[in-house]
Amino acid sequence: MTGESRKLGLGSLTALVVGSMVGGGIFSLPQNIAARADVGAVLIGWGITAVGMLALAFVFQGLANRKPQLDGGVYVYAKAGLGDYMGFSSAWGYWISAWLGNVGYFVLLFSTLGYFFPVFGQGNTPLAIACASGLLWCVHALVLRGIKEAALINLITTVAKLVPILLFIVIVGLAFDRDIFTRDIWGRSNPQFGGVLEQVRNMMLVTVFVFIGIEGASVYSSRAERRRDVGKATVIGFLGVLALLMLVNLLSLGVMSQPELAALQNPSMAGVLEHVVGRWGAVLISIGLAVSLLGALLSWALLCAEILFVSAKDGTMPAFLRRENANQVPVNALWLTNGMIQLFLLITLFSQGTYLSLIYLASSMILVPYLWSAVYALLLALRGETYEDQAGLRRKDLAVGLLAVGYAIWLLYAGGVKYLLLSALLYAPGALLFRQAKREQGQVLFTRYEWPIFAAVLLTAVLAGYGLYAGHLTL
Ligand SMILES: NC(=[NH2+])NCCC[C@H](N)C(=O)O
């Protein structure tokens, strides 16, 4: 992070936890969820998310405490627990998820402008993509010159996003109409929705996206004034974010019906508030979101480069990714990241991809890093190495690990075949960089256990490639 030496108290820690999770996702939540699910499913879906995500939060916190020597991001857990290729794919998947999220942010930013200037449409028109590309390379230039996340930027973006969200909750809460909320709880008037389980499944990837960042919260532990504050901050921050998300989602369903919400342009919080108070509602949300997105774009850009850089330093990624320029910025990592973002902005343009399709993909890419972290936490608890005679602690870790693993598997299932295929397509080419890294280390490519795993990924990727080519599969 920024290397500040000042120690953090409970309040600042909680703010950091909240800040690392709340980005652009919440601003589009009403439409994103209503597109696939109605009230009843939404309540069940958030219930599952609450339990599963809290378990994951505890997993990351537990890993940060028990393995403090393993810092450097989520992939180190996969590497320590499951070997080099899993470690590599964890870094690779996390990196892809992070920049895909930024592609989504660009589209959302210009979709916000599209509210006021129709030429930007849903953020994927030619002009929108051209402007997004321009902005991308401006951010690139700033980062190359050594810009860092500053406390001031953090403060401004945190206020800019939280004020509109809180106002939204108060105003929409006052306008809440129980009849609208309960009119069609199970979404029966929407036969294409399928049953309740189907609806719950379909909202899961969106709930994952809005919680991405939860894994980063534990990195602040080393900066805490008092160790026990870290746990408290994680729980308070998690519950705070969960409350914001659920309130924004559920209150919206009490002022507009599900079909109306599903038809809104994103950021749909703007449309909902406009429906209640008129035009200024949309303006307020849009300004807050724009500021929040600019801050989030910068911090995720830094993080993307950092992931490649750190993992190149320990030989997980090839050495060229650790090259730094005179300002100590990992240049090659940055170019690779922004090159991929540029490529995907173009793919979005030509395939008419949307914000929603991009965040679905970003969420499905992060499931593997999450799953491996949960598996590692479970393995540690099973082996019980770090517990000595604290049996109670170990039992808690076992329960948390099991819950988190179960949740991650459920998410893979809920994401569905389409996203498994597309993810495999993005995971497979990573093997080229992995091979280079292994060569540099003078090691064999795959172990006996890794070969079949890679073969399965490759086969799935070939299937996906064929599906895209033949038109059975779309972004
Ligand atoms: N650029 C990214 N990778 N963003 C992922 C973080 C998503 C964040 N939880 C949000 O709702 O906005």
Side-chain angles (χ1 to χ4, degrees), residues 16-33 46 49 53 56-57 60 73-74 91-109 111-112 123 132 135-136 139 143 149 154 157-158 160-162 164-165 203-217 219 237-238 240-246 248-249 266-269 285 288-308 334 337-338 340-341 344-345 348 355-367 369-370 411 426:
L16 282 172
V17 172
V18 173
S20 64
M21 283 184 255
V22 178
I26 189 171
F27 290 88
S28 309
L29 200 56
Q31 187 274 342
N32 292 176
I33 299 272
W46 282 114
T49 305
M53 277 292 171
L56 259 184
F60 287 118
V74 173
W92 177 254
Y94 191 77
W95 172 69
I96 294 184
S97 169
W99 59 252
L100 271 177
N102 264 12
V103 180
Y105 280 174
F106 276 114
V107 171
L108 183 59
L109 184 62
S111 180
T112 310
L135 184 61
L136 167 69
V139 174
V143 176
E149 276 236 78
N154 256 331
T157 56
T158 306
K161 62 194 169 194
L162 287 184
I165 293 173
M203 68 177 273
M204 279 297 124
L205 285 182
V206 176
T207 61
V208 171
F209 187 76
V210 290
F211 272 111
I212 293 180
I214 200 165
E215 70 288 340
V219 304
F238 171 82
V241 172
L242 180 70
L244 291 181
L245 293 166
M246 289 186 65
V248 165
N249 191 182
N266 282 311
S268 43
M269 262 178 73
I285 297 287
L289 173 59
V291 177
S292 164
L293 277 181
L294 288 174
L297 275 171
L298 175 65
S299 58
W300 281 95
L302 293 169
L303 185 68
C304 283
E306 183 74 11
I307 297 164
L308 293 181
L334 193 68
T337 303
N338 287 335
M340 292 309 293
I341 294 183
F344 265 71
L345 281 173
T348 304
Y355 166 74
L356 193 54
S357 60
L358 286 163
I359 68 165
Y360 266 89
L361 203 52
S363 298
S364 56
M365 286 306 287
I366 211 162
L367 297 183
Y370 280 2
L411 289 175
L426 292 171

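Order of appearance sets the numbers: ligands from 1, and atoms from 1 within every ligand.
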*Leu244 and side chain to side chain contact (heavy atoms under 4.5 Å, CB included): which partner among Ile26, Val210, Asn249?*
Ile26

*Please check if the distance between the ring centroids of Phe211 and Phe238 is under 6.0 Å.*
yes

Could you give the N/O to N/O pairs under 3.5 Å linking ligand 1 and the protein, each with its distance?
residue: ligand 1; atom: 1 (N); partner: Asn102; partner atom: N; Å: 3.4
residue: ligand 1; atom: 1 (N); partner: Asn102; partner atom: OD1; Å: 2.9
residue: ligand 1; atom: 3 (N); partner: Ala98; partner atom: O; Å: 3.0
residue: ligand 1; atom: 4 (N); partner: Tyr105; partner atom: OH; Å: 3.3
residue: ligand 1; atom: 9 (N); partner: Met21; partner atom: O; Å: 2.7
residue: ligand 1; atom: 9 (N); partner: Phe209; partner atom: O; Å: 2.9
residue: ligand 1; atom: 9 (N); partner: Val210; partner atom: O; Å: 3.1
residue: ligand 1; atom: 9 (N); partner: Ile212; partner atom: O; Å: 2.9
residue: ligand 1; atom: 11 (O); partner: Gly25; partner atom: N; Å: 3.1
residue: ligand 1; atom: 12 (O); partner: Gly23; partner atom: N; Å: 3.4
residue: ligand 1; atom: 12 (O); partner: Gly24; partner atom: N; Å: 2.7
residue: ligand 1; atom: 12 (O); partner: Gly25; partner atom: N; Å: 3.0
residue: ligand 1; atom: 12 (O); partner: Tyr105; partner atom: OH; Å: 2.6

_No-hydrogen, no-angle side-chain donor-acceptor test under 3.5 Å, Thr337 and Trp95_ = yes

*Is there side-chain contact between Leu293 and Phe27, with heavy atoms separated by less than 4.5 Å?*
no

*Lys161 vs Leu289 side-chain heavy atoms within contact, under 4.5 Å*: no

*Does Tyr370 have its ring centroid less than 6.0 Å away from the ring centroid of Phe60?*
yes

